[in-house]
Amino acid sequence: MAEPDPPPTTGEPADFIREIVSDDVRAGRHQTVVTRFPPEPNGYLHVGHAKSICLNFGIAREFGGRCHLRFDDTNPLKEEQEYIDSIKEDVRWLGFEWGEHLYNASDYFDQLYQWAELLVGQGLAYVDDQSADQIRETRGTLTEGGRDSPYRNRSVEENLDLFRRMRGGEFPDGARVLRAKIDMASPNINLRDPVMYRILHARHPMTGDKWCVYPGYDYAHGQSDAIEGITHSLCTLEFEDHRPLYDWFIEHLPVPSRPRQYEFARLNLTYTVLSKRFLLRLVSEGRVRGWDDPRMPTISGLRRRGFPPEALRQFAEAIGVAKRESVVEYAALEHAVRDVLNRTAARKMAVLRPLRVVLTNYPEGRTEEFPALNNPEAPSAGTRPVPFSRTLYLERDDFMEDPPRKFYRLAPGREVRLRYAYLITCQEVVKDAAGRIVELRCTYDPATRGGSAPDGRSPRATLHWVSAPHAVRAEVRLYEHLFRQADPGAGGDLLADLNPRSEEVLAECQVEPGAGRLAPGERVQFERLGYFCVDPDRTATLRDAWAKVQAREG
RNA sequence: UGGGGCGUGGCCAAGCGGUAAGGCGCGGGGCUUUGGACCCCGUAUACGAAGGUUCGAAUCCUUCCGCCCCAGCCA
């Protein structure tokens, strides 16, 4: 569910980009602010993209402008329809809408081609017959300029002829490229006659077999921005060096508008890798179950994990936007998730590692129900009846035969409160032949119905529980970081840092009956355990599939 | 050693010459039928370093140091 739009921000701009936009608006440089989110459909979106989406759509919303969703589909070798579909779904899920402003760089291939011919006609672009290797060798190094291609000074006529024949499919892949004629001696490598078009006899998801020459990012991106009337083209830091080139094309072409590029630092998260290339590898090698595996930092993975879209937006706002490279602690993301879930997730009781408890003085066959708060943070959420009986399940972790100093929970001879029910006292520990605890025999105090004692005594601990005969068996999956290192790959090998215990499956859990009626995707808090989400993609029996969102405590 | 950026507490991040916001985390206390949440309090004489300008500098100048990005017919 998309949340309603947050109220427009007022007051001072929250970051340097909003400050720029704000100044532009105040100075009257634009009548409408237009931004764009330009993903390449070569993989699924991840939290890093969420930051960019929140920035671009957020600014558009705050300034009463609009944000386009534009697929940067200039490389048919890597792009697929599946990715296009997932990207749209993820952006919508995050709570943003592009309306009719859905575009593709490929929508502009005709225009881009015409402008390329225009540049050729002005002597500002030429066809180079050198191989990729030769171009690399003559590009120079970081400290020395490059050398002109022997084809650099062909006549306009010859260039035009060659370029048209490239388009016509006369040459094989890699035979020739179209290059912008700028400056082979530039200290900025991006200006050393960058490649504008390459020959690629490949079928494109949108244009099919219409083209066999495709524009590169540098040539396509800025012009696409100009065509769409983008006012502020926001991208990450690594494109800072490309800005002079971005501007060069804009200045030398009869484009309909004058967009400006601004760069900000991409998101880095501890215990996480945000590289589409690597995430693709995890998926293709089967190290995870798919792009939407709950352990993946993809938006679809986080969604399946149970992270609410509001939490991602809140997170994006909390971390800010700046130019300095930084690594945000995963705890900041978790905080946002807990903050949202604490006030929205319904509470349920579930026992992950059941320990049978028999209340020896509770009548056999008797059942009663206690009203339990659905959400203490939101009284309006009401209550639900939870069945109680003589035989219960308690969490094994909540009992210790020989409790250490600060352990407040159940122990032999000790009294604790069962949430919403009674105070009980452990009288006897039953073990099997192997010495393993199999059952606890306790007594309850009938006078403490509801959980409070008339004499005012109050146990240190309140435990969650489930009535054995009423419980629903469930599989619960607990998740940890995908990587065991805060900075995965620091040692040179990302795969070596994968956390072998990133997923733990508990098949014998017992949950209160109401938990069996939850809808797929619904998020709940199992009291004292953490937040969980009904896994929508699991087996037919929805109730036996849960994914852990947050562990409350180690 | 070319070019482009960046350096404020453990992690993010405000600050735009007038004497260091906020969030996360952490520590302490309160409250509590979730050891949760919530509420208090604490957590940078200090802003990469050194000089300089100024009544006054994290904010201006100089030099130095450190880190990141760029040599795809990827984006």
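Everything numeric here is computed off the predicted structure, so don't read it as measured data. By convention in this document, chain letters (A, B, ...) are assigned in the order of the sequence lines, proteins followed by strands, and residues within each chain are numbered from 1.
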Heavy-atom contacts under 4.0 Å between [range] and RNA chain B, which residues?
range                       : answer
residues 233-244 of chain A : A/E238, A/F239, A/E240, A/D241, A/H242
residues 75-84 of chain A   : A/N75, A/K78
residues 454-461 of chain A : none

Quiz item: For A/Y362, what residues pass the ring-ring contact (aromatic ring centres under 6.0 Å, His included) criterion, not counting sequence neighbours?
Solution: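 Result, ring-ring contact (aromatic ring centres under 6.0 Å, His included) vs A/Y362: A/F388, A/Y444.
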Quiz prompt | For A/F37, ring-ring contact (aromatic ring centres under 6.0 Å, His included) partners two or more places apart | solution =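 ring-ring contact (aromatic ring centres under 6.0 Å, His included) list for A/F37, sorted by chain: empty.
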Heavy atoms only, 4.0 Å cut-off, all strands: where does [X] land among base, sugar-phosphate and nothing?
X      : result
A/K406 : base
A/I319 : sugar-phosphate
A/Q134 : nothing
A/V195 : sugar-phosphate
A/L200 : nothing
A/S326 : sugar-phosphate
A/A132 : base

Exercise. Quick one: which residue pairs count as a salt bridge (Lys or Arg N to Asp or Glu O under 4.0 Å) with a foot in residues 179-196 of chain A, not counting sequence neighbours?
Key: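 Qualifying pairs: A/D128-A/R179, A/R152-A/D193.
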Quiz item: For atom P, what is the distance between B/C65 and B/A49, given to the nearest Å?
Solution: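 Taking atom P in both B/C65 and B/A49, they lie 15 Å apart.
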Report the distance from atom [atom1] of [X] to atom [atom2] of [N], rounded to the nearest whole Å.
X      : N     : atom1 : atom2 : result
A/F526 : B/U34 : CZ    : C1'   : 14 Å
A/F278 : B/C74 : CZ    : P     : 23 Å
A/M184 : B/A71 : CE    : P     : 14 Å
A/Q314 : B/C12 : CD    : C1'   : 15 Å
A/E317 : B/A21 : CD    : P     : 21 Å
A/R419 : B/U34 : CZ    : P     : 5 Å
A/I135 : B/C74 : CD1   : P     : 11 Å
A/R36  : B/A75 : CZ    : P     : 15 Å

Quiz item: Are A/R70 and A/E228 ion-paired here, with the side-chain N under 4.0 Å from a carboxylate O?
Solution: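 A/E228 and A/R70: salt-bridged.
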Quiz item: Can you name the side chain to side chain contact (heavy atoms under 4.5 Å, CB included) partners of A/S131, sequence neighbours left out?
Solution: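 Testing A/S131 for side chain to side chain contact (heavy atoms under 4.5 Å, CB included), a comparison that skips the adjacent residues, returns A/D133, A/Q134.
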Mind listing the N/O atom pairs, protein and nucleotides 23-29 of chain B, below 3.5 Å?
from  : atom 1 : to     : atom 2 : distance (Å)
B/C24 : OP1    : A/H335 : NE2    : 3.2

Quiz item: Would you say the ring centroid of A/Y246 lies under 6.0 angstrom from that of A/F239?
Solution: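 Judged by ring-centre distance (under 6.0 Å), A/Y246 and A/F239 do not meet the cut-off.
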Exercise. Flag this pair as yes if the NZ/CZ of A/R167 is under 6.0 angstrom from the six-membered ring centre of A/Y113 and inside a 45 degree cone about the axis; otherwise no.
Key: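 Geometry flag: set, cation within 6.0 Å and 45°.
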Quiz item: Base of B/G10 relative to its sugar, syn (within 90° of 0) or anti?
Solution: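 The base of B/G10 is oriented anti (glycosidic angle more than 90° from 0).
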Quiz prompt | Donor-acceptor pair (no angle test) under 3.5 Å: A/E19 side chain, B/C16 base | solution =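 Checked by distance alone, the answer is yes.
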Practice problem: State the dot-bracket string of RNA chain B. Criteria: Watson-Crick or G-U wobble, both atom distances under 3.5 angstrom; notation: ( ) intrastrand, [ ] crossing earlier pairs, | interstrand, . unpaired. | Solution: .(((((((.[[[..)..(...]]]((((((.......))))))....[[[[[..)....]]]]])))))).....
Self-check item: Residue pairs, two or more places apart or on separate chains, that pass side-chain hydrogen bond (donor to acceptor under 3.5 Å, both in side chains) and touch residues 369-387 of chain A
Solution: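 As it turns out, the side-chain hydrogen bond (donor to acceptor under 3.5 Å, both in side chains) pairs with a partner in residues 369-387 of chain A, which skip direct neighbours, are A/N374-A/R384, A/R384-A/E512.
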Distances under 3.5 Å only, N/O to N/O: pair up the protein atoms with those of nucleotides 47-49 of chain B.
none

Quiz prompt | Nucleotide nearest A/R139 when distance is taken to its side chain, options B/U34, B/A71, B/G35 | solution =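 For A/R139, the side-chain atoms sit closest to B/A71.
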Self-check item: Closest listed nucleotide, where the reference is the side chain of A/E40 and the choices are B/C74, B/A14, B/C73
Solution: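 Among B/C74, B/A14, B/C73, the one nearest the side chain of A/E40 is B/C74.
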Report, one pair per line, the protein and nucleotides 66-68 of chain B atoms (nitrogen or oxygen only) whose separation is under 3.5 Å.
from  : atom 1 : to     : atom 2 : distance (Å)
B/C68 : O2'    : A/E325 : OE2    : 2.5

